[in-house]
Number of protein chains: 2
Amino acid sequence: MSIDAPSSAQQRFIDDFAQMLTAWGMPLTCGRLYAWLLLAPGPVTLDEFAEALGISKSNASMAARDLEGIGMARRLTERGSKRIRYEATTEPGNALKRNSDILGQLAGLIRSRLDAVADGRNRARLADLATFHLALKAAMDGVIERYGSA
Amino acid sequence: MSIDAPSSAQQRFIDDFAQMLTAWGMPLTCGRLYAWLLLAPGPVTLDEFAEALGISKSNASMAARDLEGIGMARRLTERGSKRIRYEATTEPGNALKRNSDILGQLAGLIRSRLDAVADGRNRARLADLATFHLALKAAMDGVIERYGSA
DNA sequence: TGACATATTCAACATATCCTGAATATGCTG
DNA sequence: CAGCATATTCAGGATATGTTGAATATGTCA
């Protein structure tokens, strides 16, 4: 009954896009929600998600909050209603900040355990790996900063 | 019977490290194999993997080849034996080139479908997203290049 | 407060993924 | 080639993950 169901080209885009995000460990449904947020004419309610994507409302609710939790969507409350609408965070960095965070965590893990787990060549290699991770993180954060994140 | 089983500190490192890689969609066992490759005193056979990590040999075989497939390990053949030893690719970029590739694919998907799936503000936002992905990819590739990859 | 609309939780189910042991294939030596 | 060592495949079982509908909670209005 929603006026704005995805066209078949949009459905294909939604599925392909989500499939790619899968490679970063994102559940397919989360990716589909996010893709639809990028295409929908405006902020989307949970019922609209459920209908547009052919999923249950409880599933939509959980996926939407996961998305919100990792900064890829934000919720808009409507005055005088319990209803929530979601929109994609327009700042594209949020989706990828996560990767940069993982790089930082990996580097942190390596550096904190370095002496306990390795020595000699392995120790040096691990130290290099941590340095590399941090350099990569810095580069990513620079771009994210430049294009905006929030 | 292997002389070089991981110490308990190493076991913790292996599990924590692998757990983090999980966030990029890597199966836990692959991550554990890779972590052990970073700590082991030298190239590792499948039997050694199986014992060091407490997994079956068939599992070790599959995980090792997955690692090889994404460029995080390489196999060393021993002359006069069918036995293979694996070592971590020392060039740290390989583990992360994958992320940069996904960015490129996402940008490609967006650009190729742009006109079919969006217009107006959404179209502009998607175009920006693709540009952002490519900028991020370029930054990552630069660092990877600088630190070496192969 | 009661009636309504909506969101959230949760236990059960469905599905995908991982792991294993047994069987098979491959490569090496003599 | 026979015999050995090792790797690989694969079907089945085990585990983890995703999905659902029903029940519950939350917020809003009159």
Side-chain angles (χ1 to χ4, degrees), chain A residues 1-2 14-15 17-37 42-70 72-87, chain B residues 1-2 14-15 17-37 42-70 72-87:
Chain A
M1 194 153 308
S2 153
I14 288 167
D15 288 338
F17 191 87
Q19 185 59 47
M20 285 185 186
L21 293 185
T22 270
W24 285 329
M26 172 168 293
L28 194 65
T29 301
C30 277
R32 297 182 72 225
L33 243 72
Y34 183 67
W36 180 231
L37 283 181
V44 180
T45 67
L46 291 180
D47 287 303
E48 289 165 356
F49 271 133
E51 176 167 349
L53 303 178
I55 61 178
S56 73
K57 190 177 164 181
S58 52
N59 196 4
S61 172
M62 292 186 293
R65 269 190 310 164
D66 289 347
L67 227 43
E68 189 186 20
I70 59 179
M72 295 179 70
R74 76 164 55 89
R75 65 173 65 197
L76 309 172
T77 58
E78 296 183 337
R79 212 156 82 162
S81 164
K82 184 168 163 43
R83 179 156 53 188
I84 300 167
R85 286 182 181 274
Y86 283 92
E87 67 177 2
Chain B
M1 195 152 307
S2 155
I14 289 168
D15 289 338
F17 190 87
Q19 185 58 47
M20 285 186 187
L21 293 186
T22 271
W24 284 329
M26 170 167 295
L28 194 64
T29 301
C30 277
R32 297 182 72 224
L33 242 73
Y34 183 67
W36 180 230
L37 282 182
V44 180
T45 67
L46 291 179
D47 287 303
E48 289 165 355
F49 272 133
E51 176 167 350
L53 302 178
I55 60 178
S56 73
K57 189 177 165 181
S58 54
N59 193 8
S61 172
M62 292 186 294
R65 268 191 311 163
D66 288 347
L67 272 185
E68 189 186 19
I70 60 179
M72 294 178 70
R74 76 164 54 89
R75 65 173 66 197
L76 308 173
T77 58
E78 295 184 339
R79 212 155 82 161
S81 163
K82 183 167 162 47
R83 178 156 53 188
I84 300 166
R85 288 181 181 273
Y86 283 93
E87 67 177 2

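Keep in mind that the numbers below use all heavy atoms, side chains included, and drop hydrogens, waters and symmetry copies. Letters A, B, ... are given to chains in the order of the sequence lines, protein chains preceding strands, and every chain is numbered from 1. Just so it is clear, the structure is predicted and the values come from calculations on it, not from any experiment.
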Between B/Asp66 and B/Cys30, what is the shortest heavy-atom contact and its length? CB-SG, 3.8 Å
What's the CG-P distance between B/Leu76 and D/dT6, to the nearest Å? 16 Å
For B/Leu28, all residues meeting side-chain contact (heavy atoms from CB on, under 4.5 Å), sequence neighbours excluded: B/Ala18, B/Gln19, B/Thr22, B/Arg32
Would you kindly give the CD-to-P distance between A/Gln19 and C/dA16, to the nearest whole Å? 12 Å
Let me check the geometry of the helix from C/dT1-D/dA30 to C/dG30-D/dC1. What is the bend angle between the axes at its two ends, five pairs each, to 10°? 30°
Rounding to an integer number of Å, can you tell me how far B/Asp47 CG sits from C/dG21 C1'? 14 Å
Taking the side chain as everything from C-beta on, heavy atoms only, tell me whether A/Ile55 gets closer than 4.5 Å to A/Leu33. yes
Closest to side chain of A/Arg83, choosing from C/dT8, D/dT8, C/dT6: C/dT6
Contact pattern, 5' to 3', of nucleotides 24-30 of chain D - B, S or - by protein heavy atom under 4.0 Å: --BSSS-
How long is the line joining CG of B/Asp66 and C1' of C/dC19, in whole Å? 13 Å
Show, in sequence, the C-alpha distance, side-chain angles and deciding distance for A/Met26 and A/Met72, and conclude whether the side chain to side chain contact (heavy atoms under 4.5 Å, CB included) test is met. CA-CA 11 Å; A/Met26 172 168 293; A/Met72 295 179 70; 3.3 Å; yes
Got a sec, which residues hit side-chain contact (heavy atoms from CB on, under 4.5 Å) with A/Ser58, two or more places apart in sequence or on another chain? A/Ser56
With the criterion being N/O to N/O and under 3.5 Å, what pairs connect the protein with nucleotides 17-23 of chain D, and how long is each?
from, atom 1, to, atom 2, distance (Å)
D/dT19, OP1, A/Thr29, OG1, 2.8
D/dT19, OP2, A/Thr29, OG1, 2.7
D/dT20, OP2, A/Ser56, N, 2.8
D/dT20, OP2, A/Ser56, OG, 3.1
D/dT20, OP2, A/Asn59, ND2, 3.1
D/dG21, N7, A/Ser58, OG, 3.3
D/dG21, O6, A/Ser58, OG, 2.8

I'd like to know whether A/Arg75 forms a side chain to side chain contact (heavy atoms under 4.5 Å, CB included) with A/Arg65, so could you lay out the CA-CA distance, the side-chain angles of the two residues, the decisive distance to 0.1 Å, and finally the verdict. CA-CA 9 Å; A/Arg75 65 173 65 197; A/Arg65 269 190 310 164; 3.1 Å; yes
Side chain of A/Glu48, backbone of A/Thr45: donor and acceptor closer than 3.5 Å? yes
Once you round it to whole Å, what is the distance between P of C/dA25 and CG of B/Leu46? 19 Å
Salt-bridged, B/Glu68 to B/Arg74, with N to O below 4.0 Å? no
Which pair of heavy atoms, one from B/Tyr34 and one from B/Leu67, lies closest together, and at what distance? N-CD1, 3.7 Å
Could you check how far OH of B/Tyr86 sits from P of D/dT6, rounded to whole Å? 15 Å
Please state how far atom CZ in A/Arg85 lies from atom C1' in C/dA5, giving the value in whole angstrom units. 14 Å
Who are the side-chain contact (heavy atoms from CB on, under 4.5 Å) partners of B/Met20, not counting sequence neighbours? A/Gln105, A/Leu106, A/Leu109
Taking all heavy atoms of B/Arg85 and all of B/Pro43, pick out the closest pair and write down the distance. NH1-O, 3.0 Å
